[in-house]
J.: 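Just passing along the structure, written as structure tokens.
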Amino acid sequence: MKYIFFDFDGTISDTYEGCACILKKTFDKYGVDMDESEYRKFIGPPLSETFIKYIGKDIAYEAVAYFRQLYVGEKAIYMSKLYDGVSDMLRECHQMDGIMTAVATCKKHEEAVHLLGHFGVEGSIDYVSGLVYGERETKAEVLRYALDELKISPKDCVMVGDTIYDVEGAQELGIDCILCLWGFGDYAAISNDNVIFRAKTPYDVVNYVKENFADN
């Protein structure tokens with residue numbers, strides 16, 4: 001059995017518009033002068049990591065709470081959309097013999113579960129491990145929690161994601177990674193040894209998983 005872990009932001013869903021809108025309001029509130037052209041690199045890694053760096057360690061989690069309040073309260077969470085072909089990708093991988101589909105994300109766990117339902121793709125996902133503040137925040141921590149919960153080995157897993165955070169988080173645990181080229185990553189700068197395939201489209205992921213991991 002092979003477990004395929006999909007990232008959420010930048011892999012399953014284009015969440016830029018909603019996240020960028022609330023990032024601007026949060027940076028403005030805390031007096032951070034940040035060019036909006038920089039926002040893409042903050043979508044994917046834990047917000048706490050970004051806010052510790054740019055707002056300060058002492059009030060980073062206060063800023064996270066402010067962001068989350070606006071993100072849900074102002075319905076920016078619904079400004080995201082599935083990338084073309086993602087629904088097919090999840091469904092087809094889920095239907096393959098010998099494949100279990102999962103989500104491993106630094107998006108808040110409850111938000112990831114809610115949006116999978118909102119997009120109507122929850123039936124194509126067998127398991128979700130999302131961010132829980134104070135318990136699991138980095139991609140490696142989110143993945144390690146899943147491995148422990150499912151009682152599986154890193155060699156039985158593949159991470160599908162779009163940024164260096166997905167690649168390095170997987171690499172920390174000895175997990176191979178399929179790099180998606182349609183999200184928020186700086187792809188030219190990613191050359192980690194655990195990247196086994198670069199997928200230009202969700203259909204490339206389907207074909208690679210079918211040819212390399214599914215039971216024939």
J.: Check the hydrophobic clustering (I, L, V, M, F, W, Y; side-chain heavy atoms under 4.5 Å; chains of links allowed) and say if Phe6 and Val209 are grouped together.
T.: yes
J.: Quick one: does any side-chain atom of Glu141 pair with a main-chain N or O of Thr138 as donor and acceptor, under 3.5 Å?
T.: yes
J.: Do Leu90 and Phe119 share a hydrophobic cluster (ILVMFWY, side-chain heavy atoms under 4.5 Å, transitive)?
T.: yes
J.: If I compare all heavy atoms of Ile99 with all of Ile4, which pair ends up nearest, and what's the gap?
T.: CG2-CG1, 3.8 Å
J.: Starting from the C-alpha separation in whole Å, work towards a yes-or-no answer on salt bridge (Lys or Arg N to Asp or Glu O under 4.0 Å) for Arg91 and Asp88.
T.: CA-CA 5 Å; Arg91 184 184 66 257; Asp88 292 340; 3.0 Å; yes
J.: Do Thr105 and Leu131 have side chains that approach each other closer than 4.5 Å (heavy atoms only, starting at C-beta)?
T.: no
J.: Mark yes when over 12 heavy atoms from residues, nucleotides or ligands other than Asp84 sit less than 6.0 Å from its CG; otherwise mark no.
T.: no
J.: Applying side chain to side chain contact (heavy atoms under 4.5 Å, CB included) to Ile164 and Asn192, what does each step give before you reach the verdict?
T.: CA-CA 9 Å; Ile164 189 64; Asn192 302 57; 3.4 Å; yes
J.: Rounded to the nearest 0.5 Å, what separation is found between the SG atom of Cys19 and the OH atom of Tyr71?
T.: 4.0 Å
J.: Any side-chain to backbone donor/acceptor pair from Asp176 onto Val158? Under 3.5 Å, distance only.
T.: no
J.: Between CD1 of Ile22 and CG of Asp28, what distance do you get to the nearest 0.5 Å?
T.: 11.0 Å
J.: Treat each ILVMFWY residue as a node, draw an edge where side-chain heavy atoms are under 4.5 Å apart, and state whether Ile43 and Phe51 are in one component.
T.: yes
J.: So do the side chains of Phe184 and Asp14 get within less than 4.5 Å of each other, counting heavy atoms only?
T.: yes
J.: Measuring only between side-chain heavy atoms, which start at C-beta, is Tyr187 closer than 4.5 Å to Val195?
T.: no
J.: Compute the ring centroids of Tyr54 and Phe42, then answer whether they are less than 6.0 Å apart.
T.: yes
J.: Would you say Thr15's side chain and Asp9's backbone share a donor-acceptor pair under 3.5 angstrom?
T.: no
J.: If you take the centroid of each ring, where Trp contributes its six-membered ring, are His114 and Tyr78 closer together than 6.0 Å?
T.: yes
J.: Taking the side chain from Asp162 and the backbone from Cys180, do they hold a donor-acceptor pair closer than 3.5 Å?
T.: no
J.: Does Arg198 offer a backbone N or O that forms a donor-acceptor pair with the side chain of Asp204 under 3.5 Å?
T.: no
J.: For the pair Tyr165 and Glu49, evaluate side chain to side chain contact (heavy atoms under 4.5 Å, CB included) and give the outcome as yes or no after the intermediate values.
T.: CA-CA 12 Å; Tyr165 299 95; Glu49 182 178 302; 3.3 Å; yes
J.: Under the criterion side chain to side chain contact (heavy atoms under 4.5 Å, CB included), I'd like the reasoning laid out for Glu111 against Val72: C-alpha separation, chi angles, the key distance, then a yes or no.
T.: CA-CA 9 Å; Glu111 292 177 1; Val72 175; 3.8 Å; yes
J.: Tell me every residue that passes side-chain contact (heavy atoms from CB on, under 4.5 Å) with Tyr61, counting only those two or more places apart in sequence or in another chain.
T.: Ser48, Tyr133, Glu137
J.: For Glu92 and Tyr203, which I'm curious about, is there any donor-acceptor pair between the side chains at under 3.5 Å?
T.: no
J.: Is there a side-chain contact between Leu116 and Phe8 (heavy atoms, below 4.5 Å)?
T.: yes
J.: Looking at Cys177 and Gly161, what are the two nearest heavy atoms and their distance?
T.: SG-N, 4.4 Å
J.: Atom CG in Asp186, atom CZ in Arg40: separation rounded to 0.5 Å?
T.: 11.5 Å
J.: Tell me, do Leu47 and Arg68 make a side-chain contact under 4.5 Å, heavy atoms counted?
T.: yes
J.: First locate atom CD1 of Ile52, then atom CD1 of Ile59, and finally report the distance between them rounded to the nearest 0.5 Å.
T.: 11.5 Å
J.: What are the two closest heavy atoms between Val205 and Ile178, and how far apart are they?
T.: CG2-CG2, 4.3 Å
J.: Test your reading of the model: is there a side-chain donor-acceptor pair from Trp182 to the backbone of Lys200, 3.5 Å cut-off?
T.: no
J.: Can you tell me how far the CE atom of Met100 sits from the CD1 atom of Ile125, to the nearest 0.5 Å?
T.: 10.5 Å
J.: Checking side chain to side chain contact (heavy atoms under 4.5 Å, CB included) for the pair Asn194/Val167: CA distance, chi angles, key distance, verdict?
T.: CA-CA 7 Å; Asn194 66 320; Val167 174; 3.3 Å; yes
J.: Ignoring hydrogens, what is the shortest heavy-atom contact between Cys157 and Ile152? Give both atom names and the distance.
T.: SG-CD1, 3.5 Å
J.: With salt bridge (Lys or Arg N to Asp or Glu O under 4.0 Å) as the test, would you mind laying out the steps for Lys139 and Asp7 before giving the verdict?
T.: CA-CA 9 Å; Lys139 183 52 63 85; Asp7 175 48; 3.2 Å; yes
J.: Could you report the tightest heavy-atom contact between Leu115 and Lys107, atom names first, then the distance?
T.: CD1-CE, 3.5 Å
J.: Report yes or no: does Asp35 contribute a side-chain atom to a donor-acceptor pair with the main-chain N or O of Ser37 at less than 3.5 Å?
T.: yes
J.: Fit a plane to each ring of Phe5 and Tyr127, take the angle between them on a 0 to 90° scale, and name the class: parallel (under 30°), tilted (30 to 60°) or perpendicular (over 60°).
T.: perpendicular
J.: Could you state whether Leu143 and Met1 fall into the same hydrophobic cluster, counting links through intermediate Ile, Leu, Val, Met, Phe, Trp or Tyr residues with side-chain heavy atoms under 4.5 angstrom apart?
T.: yes
J.: Treat each ILVMFWY residue as a node, draw an edge where side-chain heavy atoms are under 4.5 Å apart, and state whether Tyr30 and Tyr39 are in one component.
T.: yes
J.: Considering non-hydrogen atoms only, spot the tightest contact between Cys106 and Pro45 and give its length.
T.: CB-C, 4.5 Å
J.: Do the side chain of Lys41 and the main chain of Gly185 share a donor and acceptor less than 3.5 angstrom apart?
T.: no
J.: Which is it for Asp148 and Arg144 under the salt bridge (Lys or Arg N to Asp or Glu O under 4.0 Å) test, yes or no, and what are the steps along the way?
T.: CA-CA 6 Å; Asp148 291 344; Arg144 187 182 300 280; 6.0 Å; no
J.: Side chains of Pro154 and Leu147: closer than 4.5 Å at any heavy-atom pair?
T.: yes
J.: Enter the distance from Ser129:OG to Arg136:CZ here, rounded to the nearest 0.5 Å.
T.: 4.5 Å
J.: When you measure from the side chain of Ser13 to the backbone N and O of Lys81, does any donor-acceptor pair fall under 3.5 Å?
T.: yes
